[in-house]
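All remarks here apply to the structure that follows.
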Amino acid sequence: MVQERKFLKGPRLRNPADYDFPGLQRALKMEPEEVIQEISESKLLGRGGAGFPTGTKWDMAFKEEGEFKYIICNADEGEPGTFKDRYLLDERTLKVLEGMLIGAYVIDADYGYIYIRGEYFKSIKILQEALEEAREAGILGENILGSDFSFDIKLVRGAGCYVCGDETSLLNSLEGMRGQSRTKPPYPISKGLCGCPTLVNNVESLACVAEILHQGASEFATMGTEDSKGTKLVCLSGDVNYPGVYEVEFGSSTLQEIITDLGGGPRKSHDIKFVIPGGLSTRILTRDKLDYKYSYEGLEEAGSSLGSGGVMVVGSEQDLTAILTRIARFYMDESCGTCFPCREGNQQIYKIISRVGKGKFTVNQLEIIEDLGNAMAEAARCGLGQSAQYPTGTILAEFKEELVEGAVY
Ligand SMILES: Cc1cc2nc3c(=O)[nH]c(=O)nc-3n(C[C@H](O)[C@H](O)[C@H](O)COP(=O)(O)O)c2cc1C
Ligand code: SF4
């Protein structure tokens with residue numbers, strides 16, 4: 001039986017008067033290099049989707065020189081099937097602020113921004129209050145906790161745009177420009193907000209940092225597997241009995257066990273048709289591939305990736321072409337249109353899929369979609385276009401017999 005492992009989860013933490021910021025207190029007594037060393041030893045991987053080592057990123061940001069430096073908390077959370085950052089922002093608010101403060105101290109940031117999904121009205125209110133109270137309590141502003149360290153944070157609302165979760169589009173949006181991805185390099189670490197070195201981290205990554213500094217890297221590293229340390233907030237949704245945010249230790253259970261033991265199994269006693277394991281932009285896993293351990297390497301071995309932690313269960317009663325149409329529409333609408341392969345590719349894929357409607361695909365249509373998907377994966381500028389074909393391509397490949405006219409596979 002899978003049990004939740006509570007490392008990030010815990011009692012509600014919103015009012016700075018009730019919290020003594022133990023991770024920050026400890027960090028302020030350390031040299032920035034020592035904090036980086038601790039984060040590196042924890043082997044924390046960024047929880048925003050790409051899984052980049054946080055210690056390495058902080059070390060790079062620390063070494064960058066610039067007149068101004070910034071830290072940004074990426075709270076855009078636009079990946080379909082993902083709602084774990086909202087839990088942290090609402091319930092563990094001060095852990096997120098604490099992670100940001102530690103990051104700002106380490107890289108010597110002048111200012112911080114929380115870029116939050118515009119539809120998170122409740123989280124926005126909670127954060128606005130927490131920021132005000134933190135200023136009153138001396139946790140933000142000049143000489144934080146009586147130290148030489150001074151720093152403040154501004155909350156900025158997104159405007160309902162998936163691509164603005166990509167760190168470079170987010171920077172454009174923060175600067176008041178259209179939310180379009182920038183060409184990389186240069187990366188935000190060296191040339192970010194207004195051309196200055198900028199550290200961008202996901203909400204969950206920052207909450208992990210606060211706990212690592214509090215409980216110690218060794219405590220964090222005792223959990224999980226060799227390549228996936230700690231715990232992960234998993235967002236279970238779709239055709240399960242108990243959808244929600246669960247915290248699991250990496251490697252302690254399989255995807256199937258998470259769905260059965262925590263999610264109460266598939267809804268209405270239907271079978272699972274497939275699972276999208278890491279937010280929409282990941283490859284699907286069919287029923288026979290759910291017995292791999294839930295970890296970065298486990299899901300890669302299964303043929304997909306951990307992504308943002310959004311596990312969407314699709315039951316056997318679902319209409320595949322309706323799902324494919326919704327997915328194609330999403331990527332077409334959300335493409336920022338800057339680069340040709342993604343702008344045109346997603347439009348053409350949507351056209352084909354929506355024309356098929358409730359009918360069957362021809363082999364030729366399937367090949368065109370595959371070609372377009374491959375071109376996007378190769379030539380699109382950012383992760384949106386590069387991964388748009390993962391769910392569509394794998395649904396079409398796994399369910400050819402059901403979807404293709406006269407298929408002899
Ligand atoms: C289309 C797209 C959307 C993204 N959306 C988010 C998001 O909502 N939240 C997030 O933290 N990262 C998102 N990312 C990843 C960010 O670009 C970036 O890698 C991440 O914020 C880095 O934080 P981390 O190192 O702590 O994971 C997105 C990337 C792409 C390409
Ligand atoms: S891949 Fe798509 S979303 Fe990304 S820059 Fe190109 S057009 Fe914009």
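Basis for what follows: all heavy atoms, side chains included, without hydrogens, waters or symmetry-related copies. Atoms within a ligand are numbered from 1 in the order they appear, just like the ligands themselves. For reference, positions follow the sequence shown, starting with 1.
Using a 4.0 Å cut-off to heavy atoms of Thr338, the atoms of ligand 2 that qualify are 7 (S), 8 (Fe). Close approach of ligand 1 to Gly383 is summarised as follows: ligand atoms under 4.0 Å from at least one heavy atom of the residue are 31 (C). Residue Ser205 approaches ligand 1 through these ligand atoms, each under 4.0 Å from one of its heavy atoms: 24 (P), 26 (O), 27 (O). Ligand-side atoms of ligand 1 in range of Gly46: 24 (P), 25 (O), 26 (O), 27 (O), range being under 4.0 angstrom from any heavy atom. Near Gly337, the atoms of ligand 2 lying under 4.0 angstrom from a non-hydrogen atom of the residue are 7 (S), 8 (Fe). Counting atoms of ligand 1 from 1 in the listed order, those under 4.0 Å from a heavy atom of Asp76 are 8 (O).
Classification of the Tyr113-Tyr70 ring pair by plane angle, with boundaries at 30° and 60°, yields tilted.
At least one side-chain heavy atom of Ile126 sits less than 4.5 Å from a side-chain heavy atom of Lys122.
When heavy-atom distances to ligand 1 are checked against a 4.0 Å cut-off, Cys382 has no atom that comes that close, whether in backbone or side chain. Contacts between Glu77 and ligand 1 below 4.0 angstrom, taking non-hydrogen atoms only, involve the backbone exclusively. At a heavy-atom cutoff of 4.0 Å, ligand 1 is contacted by the backbone of Arg47 but not by its side chain.
When every heavy atom of Thr168 is checked against every heavy atom of Ser181, the shortest pair comes out as OG1-CA, 3.5 Å.
Taking only nitrogen or oxygen atoms, main chain and side chain alike, Asn202 reaches within less than 3.5 Å of ligand 1. Of the N or O atoms in Val163, none lie within a sub-3.5 Å distance of an N or O in ligand 1.
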Inset, instruction - Would you please test Leu44 and Ile212 for side-chain contact (heavy atoms from CB on, under 4.5 Å) and show each step? - result: CA-CA 9 Å; Leu44 171 66; Ile212 290 166; 4.1 Å; yes

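Evaluated by nearest non-hydrogen atom to atom 5 (N) of ligand 1, the leading choice among Gly165, Gly78, Gly99 is Gly165. Which of Gln386, Glu167, Arg381 comes nearest to atom 18 (C) of ligand 1 through a heavy atom is settled by distance: it is Glu167.
Here Cys382 does not reach atom 2 (Fe) of ligand 2: none of its N/O/S atoms is less than 2.8 Å from the metal. Among the atoms of Cys339, no N, O or S atom is found under 2.8 Å from atom 4 (Fe) of ligand 2.
Salt bridge annotation for Arg92-Glu211: present, with a cationic side-chain nitrogen under 4.0 angstrom from a carboxylate oxygen. Using a cutoff of 4.0 Å between basic side-chain nitrogens and carboxylate oxygens, Arg182 and Glu175 are scored as salt-bridged.
Distance from atom 3 (S) of ligand 2 to its nearest protein heavy atom, with residue and atom name: Cys336 N, 3.5 Å.
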